Amino acid sequence: MADPKGFLNHGREVAKTRPVSERVKDWNEVYVPGSLLPIISKQASRCMDCGIPFCHNGCPLGNLIPEWNDYAFREDWAAASERLHATNNFPEFTGRLCPAPCESACVLGINQLPVTIKNVEVSIIDKAWETGDVAPQAPERLSGKTVAVIGSGPAGLAAAQQLTRAGHTVAVYERADRVGGLLRYGIPEFKMEKRHINRRIEQMRAEGTRFRTGIEIGRDLKATDLKKRYDAVVIAAGATTARDLPVPGRELKGVYQAMEYLPLANKVQEGDYVTTPVSAAGKHVVVIGGGDTGADCVGTAHRQGAASVTQLEIMPRPGDERNPVAQPWPTFPMLYKVTSAHEEGGERVYSVSTTHFEGDEDGNVQWLHLVEVEFVEGRLTQKPGTERKIPAQLVTLAMGFTGTDRDNGLVEQFGLNLDERGNVARDADFQTNVPGVFVAGDAGRGQSLIVWAIAEGRSAARGVDRFLTGASDLPAPIRPTDRSLMV
């Protein structure tokens with residue numbers, strides 16, 4: 001145990017963010033560089049090393065949180081990094097992007113603010129990169145078996161790294177021009193600078209993983225041809241079919257899906273564009289959808305110089321504190337969350353639904369018409385007399401995703417079965433109805449969190465390894481049927 005009285009002697013401190021007036025002028029991460037290390041030992045000491053560490057249950061990766069908290073308290077960074085990597089291939093991703101269900105399950109959180117698990121995690125891995133404790137782990141011998149991984153998001157990368165280290169020859173196919181999936185083009189630079197992805201890719205290349213970008217399986221290369229080339233295939237293509245908003249005026253210019261808008265801003269940071277083809281500069285921006293993707297649109301619009309930003313959510317405003325009856329500890333509660341993007345300005349409007357868009361004579365969106373809604377007998381119903389319109393010259397739809405891409409032919413060419421939710425069906429080993437074809441991440445689970453994606457990739461890798469060799473020592477932290485700890 002780090003410090004038996006740590007949780008009594010120290011309060012919760014989190015990473016400091018740069019002033020809003022400064023950070024909206026650039027695309028660097030919002031946090032003050034180096035602000036965590038001076039406080040992280042005390043924060044790690046707040047971990048109580050519980051007899052039953054429920055943080056393990058909150059995290060699908062099964063992270064050994066009390067162990068690396070103890071090492072961080074003692075400033076044994078090499079040991080802390082080893083414990084961190086024992087369950088997580090990419091802690092610098094999760095430490096920046098995960099909403100931390102582990103913290104919601106922290107036992108200290110029953111009557112105090114929980115341990116800053118995410119901050120400890122990211123401190124450990126950043127220190128490990130700084131000191132050279134993150135090194136390639138090439139396999140001792142090759143199996144002679146080949147594996148293709150479709151998609152280079154967190155699930156695909158985790159599966160590829162595990163299988164490469166197990167001795168298989170792995171090639172990752174990515175339809176975009178760069179590796180990383182939504183980590184690359186869906187997550188804004190101010191949330192995670194892409195240098196973190198780049199150095200992991202270099203590590204994986206040094207281990208033997210091969211990357212082939214600009215190739216979409218189903219369109220550029222038939223799925224049947226891919227299967228002939230490899231002994232096994234892992235589909236980690238994500239759930240990229242965005243939920244649309246079929247209301248009058250949807251066809252107007254200026255109404256975009258979030259994943260049409262956000263990647264362009266990231267491509268500017270990559271040097272592909274001098275300025276983005278779709279900019280919020282000087283415009284009244286409306287973001288439809290109150291989740292993390294919506295917040296990413298909000299922060300991006302601020303940095304592009306939007307005249308105003310309004311975020312709409314059809315559901316009621318969540319509470320500020322956990323409801324002990326409806327969302328008891330240690331479940332992951334739905335709480336009112338103020339992200340760094342929300343700190344930067346804009347308005348958030350809850351319990352409203354868009355009725356239609358209104359444009360000008362040139363077909364450009366100018367107004368969004370909405371109405372207030374409420375639950376009546378368990379159904380969302382419009383409130384009469386609450387209709388109004390707000391200025392909207394750029395609208396982004398961030399309402400989530402409904403399943404994996406069906407338009408590119410991948411599902412049909414493989415002959416894959418889908419479940420009742422439109423996800424690719426799989427068995428206990430993450431294998432589809434097609435022998436040798438496996439699925440991991442959002443393509444099989446549906447839209448989920450980054451920790452679940454990495455856990456899926458690691459678990460699917462074990463299934464693939466067993467299929468190829470008859471047995472496997474790779475870890476499998478979850479089953480396909482496992483779900484988040486919730487009521």
Side-chain angles (χ1 to χ4, degrees), residues 60 143 145-164 166 168-175 181-182 212 215-241 401-448 452-472 474-483:
S143 67
K145 302 292 184 178
T146 58
V147 182
V149 176
I150 304 172
S152 65
L157 292 179
Q161 187 168 63
Q162 293 294 95
L163 290 167
T164 297
H168 308 303
T169 300
V170 180
V172 178
Y173 287 81
E174 169 56 53
R175 63 182 178 181
L182 289 184
R212 296 176 180 172
I215 300 176
E216 184 171 8
I217 306 303
R219 284 199 174 99
D220 302 315
L221 177 62
K222 287 186 177 181
T224 49
D225 292 338
L226 183 78
K227 190 174 185 301
K228 291 176 183 177
R229 295 185 187 182
Y230 294 88
D231 297 309
V233 176
V234 179
I235 299 171
T240 55
T241 302
F401 302 88
T402 59
T404 195
D405 192 344
R406 296 289 302 276
D407 294 334
N408 59 13
L410 184 150
V411 171
E412 287 73 20
Q413 290 172 22
F414 271 124
L416 301 173
N417 291 339
L418 303 180
D419 64 19
E420 63 278 3
R421 294 189 175 185
N423 304 314
V424 180
R426 63 268 184 95
D427 64 15
D429 284 330
F430 292 80
Q431 188 167 206
T432 69
N433 59 293
V434 181
V437 178
F438 297 74
V439 63
D442 290 1
R445 174 169 293 272
Q447 181 183 348
S448 190
W452 282 95
I454 296 174
E456 287 245 346
R458 290 171 67 87
S459 298
R462 177 184 174 89
V464 174
D465 190 34
R466 186 157 61 180
F467 171 80
L468 294 174
T469 65
S472 180
L474 294 177
I478 59 170
R479 298 165 297 183
T481 54
D482 288 343
R483 292 295 181 266

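None of these values were measured; they are calculated from a predicted model.
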Could you report the tightest heavy-atom contact between [X] and [Y], atom names first, then the distance?
X	Y	value
Gly218	Gln413	O-NE2, 2.9 Å
Val234	Ala440	CG1-CB, 4.3 Å
Ile478	Pro60	CG2-O, 3.4 Å

Within the distance-only criterion (no hydrogens, no angle test), does the side chain of [X] pair as donor or acceptor with the backbone N or O of [Y] below 3.5 angstrom?
X	Y	result
Gln447	Asp442	no
Thr404	Gly238	yes
Arg406	Glu412	no
Thr432	Val437	yes

Looking at [atom1] of [X] and [atom2] of [Y], how far apart are the two atoms once the value is rounded to the nearest 0.5 Å?
X	Y	atom1	atom2	result
Asn423	Asn417	CG	CG	13.0 Å
Ser152	Arg212	OG	CZ	14.0 Å
Leu221	Glu216	CG	CD	11.0 Å
Lys228	Leu226	NZ	CG	11.5 Å

* Asked: Considering residues, nucleotides and ligands other than Arg421, do more than 12 of their heavy atoms fall under 6.0 Å from its CZ?
  ->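 At most 12 heavy atoms, drawn from other residues, nucleotides or ligands, come within 6.0 Å of this atom.
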* Asked: Can a salt bridge be assigned to the pair Asp465 and Arg462 using a cut-off of 4.0 Å between side-chain N and carboxylate O?
  ->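 Here Asp465 does not pair with Arg462 in a salt bridge, since their nearest N and O are not under 4.0 Å apart.
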* Side-chain ion pair, Asp405 and Arg175, N-O less than 4.0 Å ->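 Yes, this pair counts.
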* Asked: Which residues satisfy the ring pair (Phe, Tyr, Trp, His ring centres under 6.0 Å) test with Phe401, sequence neighbours excluded?
  ->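 Expected list: none.
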* **Polar side chain donor-acceptor pair, Thr146 to Asp231, under 3.5 angstrom** =>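 Short answer, yes.
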